[in-house]
Amino acid sequence: MTEPNRLIHTNVSAHQPAAGGIAARARAAAAPRYLSGLNPEQREAVETLDGPVLVLAGAGTGKTRVLTTRIAHILSQGRARPGEILSVTFTNKAAREMKHRLGQMLGEAVEGMPWLGTFHSIAGRILRVHAELVQLKSNFTILDVDDQIRLLKQLLQADNIDDKRWPARMLAGLIDGWKNRGLTPAQVPSGEASVFGNGRGGKLYTAYQARLKILNAADFGDLLLENIRLFREHPDVLRQYQNRFKFILVDEYQDTNVAQYLWLRLLSQAPPSSHALFPAPVAAEGPDPRTARSRNICCVGDDDQSIYGWRGAEVDNILRFEHDFPGAKVIRLERNYRSTGHILAAASHLIAHNEDRLGKTLRTEDVDGEKVTVTGSWDSEEEARTIGEEIEQLQRAGERLNEIAILVRASFQMREFEDRFVTLGLPYRVIGGPRFYERAEIRDALAYLRLINSPADDLAFERIVNLPKRGLGDATVKMLHEIARKRQIPLSEAARAVVETDEMKPKARGSLRALLESFDRWRVQRESMRHTELAEIVLDESGYTEMWQKDRSADAAGRLENLKELIRSMDEFENLQGFLEHISLVMDRDGGADEDAVSVMTLHSAKGLEFDTVFLPGWEEGLFPHQRALDEQGRSGLEEERRLAHVGLTRARRRAKLYFATNRRIHGSWSTTIPSRFLDELPADNVEITESKGGSGWGGTGGYGPSRFDNIDSFGSSYATPGWQRAQANRGRGGFNEAGTPYNASRSTSKRAPVIIEGELIARSTGSDSGFSLGDRVFHQKFGYGKVARIDGNKLTITFEKAGEKKVVDSFVERV
DNA sequence: ATCCAAACCTTTTTT
DNA sequence: AGGTTTGGAT
């Protein structure tokens, strides 16, 4: 967005009268205006319309701009109408951004790019049209993860599989993985299918799919998987879409999984796949052999920003592009318009530690700017406090809060910042945080609406049969389940049947009948009234609103408010179906972006965004890189974490600030942490180490008074540890800066002056001796007195008299 | 059927 | 540590 020559002009219309007049002459005379200001590579990416194109676009190189300009170009050249361009993104945010920018470029005239959206929303949309062909109805429900797990739990129970030993979550993960790879139950390798539940994994997957059909439901994975099945089994349908989409554009191609890849291949009429995981699906049979192969598909991506491997993304897709789409043109965008020199150098140097990459060199013509800073804190609380203060400083200096972001590795880190900002009165917004649509009252309300929309939606039925309480408890539900299972019908149908018999106690029976009648009534009313009005009636007549009105608990008022908000938000949609579709696919709520506030979000959700100042807390081993990534994925996991770090750094335009804390609370208990290896991998020339400014209490001069957190000297002593010395010895390895100035402890005299360490940064533990011996009585600033119980290098396990057993780095305790 | 306490499990990232 | 889910008691 800070690109020097951004587009200002906005009135290229899609269908200019091509003949005669000024427009034609203008076009002949000079390149269209929207092309000016593109650099040569960008321009090539925009203008190469025919045949497959892969754009390798590093961070901040104008990727979105290329995509949107390309669309504008296609339209203004009259090569396709808006409805003939398929343009897929990975996230809703990216889709929104593209729509927004297109709107700016094209003006309101081309409001509708009907086929611009996420993979899931577009696949879902296609699926609705042809639902019957895959044994669904067009009003099918899209299940979220929660529903999915509840359904699987039921299946496990029905099969007498111990939910403890074989958690539904795990099965959900497996099924998800299979679907990501485009595998139907029949196609799952039997070895893989049998790992779950003593060989019953495959059977369960089959049962699950069957159950989904009965419930008239699809989960996220199904949207693509069933789409692929649809295209495979019905070539006529496929051809219809192939003919419609004259141009295909794909954003973030490095994040596509196998299913998405197959889907794209089918639509792009590419020759039969030779994908390792998938032998030739459908032979492309277009009328004209020249159009039948390698259609106009343009994929944009950056292998260095592939951060969704854990979700089944195949970086391989981007690496194999030229092979998959013969004759593809590959264009590299390496000119970065976003970050200053130091930031870009730090990011590039870091990512260079990865082995699996295509390799790009990002360049900038910007000034060097401020160095990337690394700041150590005693614990996460001090980290939050330091960052809070730095933000206030920036604010005083006239920086806008909107241009400041805190990017965390894991969402639990956000809380500390929220707490801090609340006390400071600093406006902030959490992005992708606690989700509106996940709140209980919202889900309840939605369950009512879902059930109206799709009577077979058992999960919704179960959720609300007895909510508010109507005397239809476990016993009733269990009975309905039995009937439903025996006859292979949905619960509500079972309910309908059972009401006619006298299997139930009269009271429950009457209550159930009343509920069914209500739904019948609502479904009739649906035809004649607006969906917002219907929703109000439903919540009212069902007694749901009343339930909360009677509730005297503290949050009841808030919940009622949320329900109102829900109905308000429904208003933007045409009908109930459209609204339900939206909420199941777009689980985040935008809005509120206009006030000036600091953004707090995960690194993952920050992809594609940029800020003047970026704070990156929590750079510690185990958290970042995340232990689980290392355990489960080994080296490739580490590389993905490193790419994540690269993404984080490259979000910053002018200031990138990294933090690590020595102590962090993990699962409730405190543990001592080690600075991230990624810090070691930063180039010294572009980085400065500062100390935490969280408190100046040490020596008793600061505003906070002496604090246990102010053990700043400890960071000094970390550099005197064997780890630091090893680093000194290693200096120069790998061609890094040779001119290291050894750290000296004179910092106590000039505490605030930033210390610049040249050479790689090291503050790590090692396996060597700590100078303490077992049984030593020690004192710790925070935990008090204790005895050394175990020694592991410079990490000590100490039994504290008050605080119990803790692991601590030796430099934080002193012998007494 | 409803309520309360104890176990439990979480904390990677998202459509 | 904290919220959620489960199980048992009323």
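Chain naming here is simple, since letters A, B, ... match the order of the sequence lines and numbering starts at 1 in each. What you see is a predicted model, and the numbers here were worked out from it, not measured in a lab.
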For [X] and [N], what is the distance between atoms [atom1] and [atom2] respectively, to the nearest whole Å?
X: A:K153; N: B:dC9; atom1: NZ; atom2: P; result: 10 Å
X: A:D176; N: B:dT13; atom1: CG; atom2: C1'; result: 14 Å
X: A:N257; N: B:dT13; atom1: CG; atom2: P; result: 19 Å
X: A:K607; N: B:dT13; atom1: NZ; atom2: P; result: 16 Å
X: A:D379; N: C:dA1; atom1: CG; atom2: P; result: 15 Å
X: A:E252; N: B:dT13; atom1: CD; atom2: P; result: 19 Å
X: A:R169; N: B:dC8; atom1: CZ; atom2: C1'; result: 13 Å
X: A:I431; N: B:dT14; atom1: CD1; atom2: P; result: 12 Å

Subject >> Pi-cation contact, A:W115 with A:R125 (under 6.0 Å, within 45°) >> reply: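 Positive - A:R125 is close enough to the ring of A:W115 and near enough to its axis.
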
Do any side-chain nitrogens or oxygens of [X] fall under 4.0 Å of OP1 or OP2 in [N]?
X: A:S411; N: B:dT13; result: yes
X: A:T602; N: B:dT14; result: yes
X: A:H604; N: B:dT13; result: no

Original post:
In terms of side-chain heavy atoms, does A:N216 have a donor or acceptor partner in A:N139 at a distance below 3.5 Å?
Top reply: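 A donor-acceptor contact under 3.5 Å links the two side chains.
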
Would you check if the distance from the ring center of [X] to the ring center of [Y] is below 6.0 Å?
X: A:H120; Y: A:F90; answer: no
X: A:F417; Y: A:Y428; answer: no
X: A:W178; Y: A:Y205; answer: yes

Subject >> Along DNA chain B (nearest heavy atom to each residue), the more 5'-positioned of A:R470 and A:F412 >> reply: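 Checking each residue's closest nucleotide, the 5'-ward one belongs to A:R470.
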
Subject >> First encountered from the 5' end of DNA chain B, between A:I307 and A:G471 >> reply: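 Per heavy-atom nearest nucleotide, the more 5' residue is A:G471.
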
**OP:** Report yes or no: is there a donor-acceptor pair, N or O only, under 3.5 Å between the side chain of A:H626 and the base of B:dT12?
**Re:**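 Flag unset: no donor-acceptor pair detected.
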
Original post:
Across the strands shown, which category fits A:F90 at heavy-atom distances under 4.0 angstrom: base, sugar-phosphate, nothing?
Top reply: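 Sugar-phosphate, no base atom in range.
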
[X] has a side chain; which of [options] sits nearest to it?
X: A:N466; options: B:dT2, B:dT15, B:dT13; value: B:dT2
X: A:N92; options: B:dT2, B:dT11, B:dT15; value: B:dT15
X: A:R311; options: B:dT15, B:dT13, C:dT6; value: B:dT15
X: A:R415; options: C:dG2, C:dT6, B:dT12; value: C:dG2
X: A:T91; options: B:dT15, B:dT13, C:dT6; value: B:dT15

Original post:
On a whole-Å scale, what distance lies between the P atoms belonging to C:dT6 and B:dT11?
Top reply: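 Those two atoms are separated by 15 Å.
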
Original post:
With centres under 5.5 Å and planes under 30° as the test, does A:W310 stack with B:dT13?
Top reply: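 The ring of A:W310 is stacked on B:dT13.
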
**OP:** For A:H604 and A:W310, work out which heavy atoms get closest and say how close.
**Re:**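 The pair with the smallest heavy-atom distance is NE2-NE1, 3.5 Å.
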
